[in-house]
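So you know, we letter chains A, B, ... as the sequences are listed, proteins then strands, and number each from 1.
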Amino acid sequence: MNNMNLSEQEQIRRESLDELRKLGINPYPAAEYKTTAFAQDILDNYTPEKNNFQDVCLAGRIMSRRIMGSASFAELMDSSGRIQIYVRRDDVCPGEDKMMYNTVFKRLLDIGDIIGVKGHVFKTQMGETTVHVEEFTVLSKSVRPLPVVKEKNGILFDAVTDPEMRYRQRYVDLIVNPQIRDVFRKRTQIIQSMRELFNSRGYLEVETPILQPIPGGASARPFITHHNTLDMTLYLRVANELYLKRLIVGGFEGVYEFAKDFRNEGMDRTHNPEFTVMEIYIAFKDYNWMMSFTEEIVKKAALDLHGKTEIEYGDKVINLNPPFKRINMTDAIKENTGTDISGMDEAGLRAVCDKLNVPHTASMGKGKLINELFGSKCEHNYIQPTFIIDYPTETSPLTKMHRSKPGVTERFELMINGKEIANAYSELNDPIDQMERFKDQLSLSEKGDDEAMFIDLDFVRALEYGMPPTSGMGIGIDRLTMLLTNQPSIQDVLLFPQMKPESQKSKVESQKEEYLALGVPEKWVEPLKKLGFTTVAKLKEVEKHTKLHQDLCGYNKKHKLGLQNPSQDDVKAWLNLK
RNA sequence: CGGUUCGUAGCUCAGCUGGUAGAGCACGUGACUCUUAAUCAUGGGGUCGAGGGUUCGAUUCCCUCCGAGCCGACCA
């Protein structure tokens with residue numbers, strides 16, 4: 001039986017499952033279970049004086065049990081929270097037959113099972129609001145034991161904190177660490193908050209291709225895939241920017257998308273290979289307007305979530321109340337390093353980098369060097385929200401040149417807590433300039449810059465028809481969520497963060513008959529499997545029968561199987577050794 | 001990619017200078033009709049991440065690999 005692979009507790013639960021069926025109880029019933037209340041609603045609103053909730057029906061997972069003979073307390077957890085239930089034998093079994101209590105509730109149900117209960121609410125002598133159960137229904141039997149977390153006075157005992165378990169088995173995390181559910185509710189609330197604002201302005205939510213023939217709109221290594229029917233290479237998008245701007249060309253006033261983007265790059269506390277960005281493009285606006293709009297978006301999200309703009313992140317207090325500080329990149333570098341780089345050429349910038357111990361390579365041009373200086377010396381210092389304005393042209397190939405300052409573009413990034421949260425431009429709508437910028441990117445990539453952008457000729461064609469002056473902005477939803485929910489890692493705001501696969505133990509096992517065919521007595525088959533010889537092929541690889549013989553005898557002794565040990569020659573014969 | 005810490009029962013964790021493993025919760029059995037980390041009694045449960053090496057003997061020491069966290073590098 002494959003039950004040999006199951007733990008004792010799993011086997012017992014499977015036996016309970018069979019017993020339930022034998023008693024005529026379907027452990028996985030199909031019918032809708034109509035509930036009339038949620039746990040939190042009862043906890044919040046029950047008052048003995050009102051005598052309300054006297055006929056309630058709720059469903060949830062059994063999270064703890066305290067059985068005291070013919071009466072029991074248990075905790076039921078539904079989507080809203082936990083509530084205590086009180087199950088008394090003579091109430092759930094009013095007649096002679098006490099099976100539902102004695103056998104089903106006490107013996108066959110476990111922590112983790114999902115049941116429905118009907119009953120009335122009361123307060124115990126200890127004052128705890130409790131559902132006095134008159135009838136219960138098995139809704140789903142759990143055959144795998146759940147980690148048991150206990151709690152007293154807000155202190156958790158044996159809480160599951162192992163990040164591997166939490167991220168790989170998020171379902172378990174969500175069950176036993178219910179505060180984690182709040183993080184994800186808040187994530188959705190943030191998205192809702194933004195969506196409300198955009199819709200109220202009449203902007204259109206759209207969907208654009210994830211599979212793209214040209215991975216445009218950002219500088220990043222893409223994931224590559226292949227379409228069989230078209231027999232062509234496709235890329236998972238690194239950005240959706242170029243498609244959204246095509247829609248502005250098409251005549252929409254404003255378009256936005258909550259988009260999953262994919263970048264085939266490193267992973268750390270702030271990077272996951274797939275991540276969510278909200279990008280919005282609005283015609284006839286510029287980046288100054290967009291800065292104010294970004295302030296409004298962030299402020300609204302904070303208010304919708306917390307009712308205030310002052311938030312705590314780690315040991316920091318961050319105030320998201322506008323206006324945010326605005327500083328251009330040159331001044332930012334001066335502010336943080338004391339060095340004024342305005343008007344410097346490439347050689348001058350390299351000297352500054354050397355002086356400040358900022359690493360640089362030969363393939364870096366002016367823009368990259370400035371980016372590098374900012375990235376390593378300035379960025380992390382902007383804890384309070386700050387717009388960094390006017391980025392070098394070289395690293396902003398989709399951005400309009402600054403209206404008055406030469407050499408820079410009308411671009412800003414919003415820094416909060418030393419991290420980029422948003423990125424926005426006055427969009428480049430000059431098709432001739434755009435083509436030139438793409439060509440510059442091409443020569444950069446020929447110089448060895450593997451993150452230079454690809455040329456998207458169709459996008460240039462769209463611009464040739466004419467795109468209104470437009471401002472666009474992207475916000476990293478994951479990072480914004482981290483910030484607003486005070487989570488230290490991007491993995492904590494992604495329901496299923498990317499993980500390396502678990503090493504699968506080989507599931508292939510030889511049948512008992514195959515061992516018997518080798519002359520192995522039936523009683524020794526399971527011990528052999530337990531010792532790792534799960535297939536006869538593995539058995540045939542054994543070179544020293546004496547070692548196997550020792551292991552088998554040792555296993556017999558250790559597990560007190562009481563089997564008669566085989567002789568060395570017997571073992572030798574199984575292996576077909578000479 | 002480098003440094004570092006870690007992987008032991010379903011869960012949380014002990015385990016000394018090498019002698020094949022312990023606790024609490026959970027689970028089984030019994031007692032208990034207002035408990036709440038329920039309690040009391042009793043019992044079972046482990047290829048100590050995988051593979052190799054040293055050794056009479058490895059959970060422990062060494063090497064390789066797999067997985068995770070943190071720090072750094074690279075990267076937006």
- Query: With sugar-phosphate meaning primed atoms plus P, OP1 and OP2, does A:N423 contact a base, only sugar-phosphate, or nothing at under 4.0 Å between heavy atoms?
  - Reply: nothing
- Reported OG1-to-CD distance for the pair A:T130 and A:Q125, which is rounded to 0.5 angstrom: 11.0 Å
- If the P atom of B:rC16 is compared with that of B:rG22, how far apart are they to the nearest Å? 13 Å
- Strand partner of B:rC61, provided both Watson-Crick or wobble distances fall under 3.5 Å: B:rG53
- Hey, does the side chain of A:R269 come within less than 4.0 Å of B:rC71's phosphate (OP1/OP2), counting only N and O? yes
- Flag the pair A:R237 and A:E257 as a salt bridge only when some basic side-chain nitrogen lies within less than 4.0 angstrom of an acidic carboxylate oxygen. yes
- Item | Side-chain donor/acceptor contact of A:Q9 with base of B:rA26 under 3.5 Å | yes
- Item | Counterpart base for B:rA37, defined by Watson-Crick or G-U wobble contacts under 3.5 Å | none
- Can we say A:D440 and A:R437 salt-bridge, meaning some charged N sits less than 4.0 Å from an Asp/Glu carboxylate O? no
- Should B:rG67 form a Watson-Crick or G-U wobble pair with both distances under 3.5 Å, which nucleotide is its partner? B:rC6
- Query: How many Å lie between NE2 on A:H380 and P on B:rC71, as a whole number?
  - Reply: 15 Å
- Residue matched to B:rA23 through Watson-Crick or wobble contacts both under 3.5 angstrom: B:rU12
- Query: Does A:D113 use its side chain to pair, donor to acceptor, with the backbone of A:S142 at less than 3.5 Å?
  - Reply: yes
- For the base of B:rU35, is there a side-chain donor-acceptor partner from A:Q125 under 3.5 Å away? no
- Kindly indicate whether the side chain of A:E164 and the base of B:rG67 share any N or O donor-acceptor pair separated by less than 3.5 Å? no
- Among B:rU12, B:rU36, B:rG69, which is the nearest nucleotide to the side chain of A:P163? B:rG69
- Nucleotide paired to B:rG28 in any strand shown, Watson-Crick or G-U, under 3.5 Å: B:rU42
